[in-house]
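On a predicted model such as this, the values are computed, not experimentally measured, just so you know.
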Amino acid sequence: MGIVTAICISKQRGTRKEPVSSAQFEPDYGIIGDAHAGKWHRQVSLLQQEKIDAFRETGAAVTPGAFGENLVVSGIDFRSLPVGTLLRCGDVLLEMTQIGKECHTHCAIYHQTGDCIMPREGVFARVLQGGTIAVGEEMHIEQRQIPLPWQAAVITLSDQGAAGQREDKSGPVIAERLKQNGYEVMEQLLLPDDRTRLEQELIRLCDQRQPDLILTTGGTGFSARDITPEATLAVAERNVPGIAEAIRAASLHITKRAMLSRAVSVIRGKTLIINLPGSPKACMESMDVFLDTIPHGLGLLRGTVHDCARV
């Protein structure tokens, strides 16, 4: 259980958040009157009071809202909780959607002290149920009555597609196939064949948004610009060769060129990453191979499945 020690809002983006005694939370929107509210996954930002206190002990004079946080709560280590955690405060129900954030333009605190805890300690949430939260109210972690659906992200690698010179046909059909199988597709990205950029996006997704599955399409061939396997392996923590091998084995019955695929399948954190070919038809044939089987593995990564033995 935690206690809300501060509530902060800003009426314009890029301006400091100021403390208020209470705030109204709107479902699928955020805090009424806060500039960061909207139809997206980072509607409300949260930070643990104890992390702010520790930062103050370094000599930094910070007040509520200095890190851009909406809610400051003592007693709950948000950073240790997984994405999908439910947080209840009175009538308001929040669902954590992201851990940490990228800091593209350093805030005033960073320029003053050389550090900011929000990118590594802050978390973000969306509002599932609305109501009012006031300073001093209790917050606790609520158990889910319905399991969180499988969550996925889709990344298309294409220089021409990213430049607007060719329509991305593979990414949308992959996303639609996932939705038909009960997945929530949290992000669809279209990137150039750039290894650094792909590594950055894979790390961001796995570490901050924590989808169960990431499917990439394109960049698995012999061309000098085909860097998807190298980028995927660079961010991997564990290898899962069987999935890529199974796709190649099945695809060889369709075309001998399947042996030229360099696609890989790996794990980072609790996310399974699978490389798919570039064509929509080949993507669908590849998904036929693993889509019915991987939920068991995803359950193991989530910790909801504990026994691999066959009866």
Side-chain angles (χ1 to χ4, degrees), residues 1-26 29-83 85 87-90 92-127 130-141 203-204 207-210:
M1 185 187 72
I3 301 294
V4 177
T5 58
I7 302 170
C8 308
I9 63 173
S10 57
K11 294 185 178 180
Q12 293 183 338
R13 291 196 178 211
T15 61
R16 179 190 174 94
K17 292 190 185 298
E18 299 296 336
V20 294
S21 59
S22 65
Q24 181 71 28
F25 289 70
E26 183 75 16
Y29 180 74
I31 300 176
I32 301 298
D34 183 63
H36 289 84
K39 299 284 186 178
W40 67 323
H41 69 284
R42 284 166 46 182
Q43 296 169 355
V44 180
S45 56
L46 301 96
L47 197 58
Q48 184 185 10
Q49 178 68 62
E50 287 79 0
K51 301 295 176 65
I52 298 176
D53 294 340
F55 189 79
R56 286 199 184 106
E57 291 176 1
T58 66
V62 293
T63 56
F67 299 104
E69 74 279 9
N70 291 125
L71 292 176
V72 181
V73 181
S74 67
I76 299 179
D77 183 3
F78 297 114
R79 189 62 177 80
S80 67
L81 301 173
V83 166
T85 297
L87 301 167
R88 170 71 71 179
C89 188
V92 178
L93 183 63
L94 306 176
E95 179 185 62
M96 279 179 48
T97 56
Q98 180 172 313
I99 296 175
K101 67 184 289 289
E102 297 172 281
C103 191
H104 299 293
T105 57
H106 291 305
C107 63
I109 293 296
Y110 183 91
H111 289 299
Q112 292 172 13
T113 67
D115 190 20
C116 176
I117 60 175
M118 193 66 188
R120 61 177 181 271
E121 300 293 350
V123 303
F124 298 85
R126 61 177 177 171
V127 182
T132 300
I133 295 179
V135 172
E137 291 188 353
E138 295 181 355
M139 176 179 287
H140 65 270
I141 299 170
I203 291 171
R204 177 187 67 83
D207 297 0
Q208 296 181 10
R209 301 217 63 192
Q210 299 181 348

Hits for side chain to side chain contact (heavy atoms under 4.5 Å, CB included) against Ala35, two or more places apart or cross-chain, chain-then-number order -> Ser10, Arg13
Residues forming a side chain to side chain donor-acceptor pair (under 3.5 Å) with Glu18, sequence neighbours excluded: none
Pairs touching residues 53-67 that satisfy side chain to side chain donor-acceptor pair (under 3.5 Å), sequence neighbours left out: Arg16-Thr63, Gln49-Asp53, Asp53-Arg56
Output the distance between atom CE (Met1) and atom NE2 (His140), rounded to the nearest 0.5 Å. 10.0 Å
Pairing residues for Val135 by the side chain to side chain contact (heavy atoms under 4.5 Å, CB included) criterion, not counting sequence neighbours: Ile7
Here the gap from Leu93 atom CG to Arg126 atom CZ, rounded to the nearest 0.5 Å, amounts to 10.5 Å
May I have the step-by-step check of side-chain contact (heavy atoms from CB on, under 4.5 Å) for Val127 and Leu94, ending in yes or no? CA-CA 5 Å; Val127 182; Leu94 306 176; 3.8 Å; yes
Roughly how far, to the nearest 0.5 Å, is the CZ atom of Phe25 from the CG atom of Asp34? 9.0 Å
If you take all heavy atoms of Gly30 and Val44, which pair is closest and at what distance? CA-CG2, 4.3 Å
For Gln98, all residues meeting side chain to side chain contact (heavy atoms under 4.5 Å, CB included), sequence neighbours excluded: His41, Arg42, Lys101, Phe124, Gln208, Arg209
Applying salt bridge (charged side-chain N to carboxylate O under 4.0 Å, His left out), name anything that partners Lys51, two or more places apart in sequence or on another chain. Asp77, Glu121
Please give me the minimum heavy-atom distance between Cys8 and Gly65, naming the atom from each residue. SG-N, 3.4 Å
Quick one: does Val123's side chain get under 4.5 Å of Thr85's, heavy atoms only? no
How long is the span from the CD1 atom in Ile9 to the OG1 atom in Thr15, to the nearest 0.5 Å? 10.0 Å
State whether the side chain of Glu69 and the backbone N or O of Leu47 hold a donor-acceptor pair below 3.5 Å, judged by distance alone. no
Please name the pair of heavy atoms, one in Ile31 and one in Ala23, separated by the smallest distance, quoted to 0.1 Å. CG2-CB, 3.7 Å
Can you list the residues that meet the side chain to side chain contact (heavy atoms under 4.5 Å, CB included) rule with Ile76, with sequence neighbours excluded? Val73, Phe78, Leu81, Met139
Contacts of type side chain to side chain donor-acceptor pair (under 3.5 Å), residue Gln43, not counting sequence neighbours: Asp28
Within the 4.5 Å heavy-atom criterion, are Leu87 and Ile141 side-chain neighbours or not? yes
Sequence neighbours excluded, which residues qualify as side chain to side chain donor-acceptor pair (under 3.5 Å) partners of Gln24? Thr132
Hits for salt bridge (charged side-chain N to carboxylate O under 4.0 Å, His left out) against Lys11, two or more places apart or cross-chain, chain-then-number order -> none
CD on Gln210 to OG1 on Thr97, rounded to 0.5 Å: 10.5 Å
Give, for atom CG of Asn70 and atom CD1 of Ile133, the distance between the pair rounded to the nearest 0.5 Å. 10.0 Å
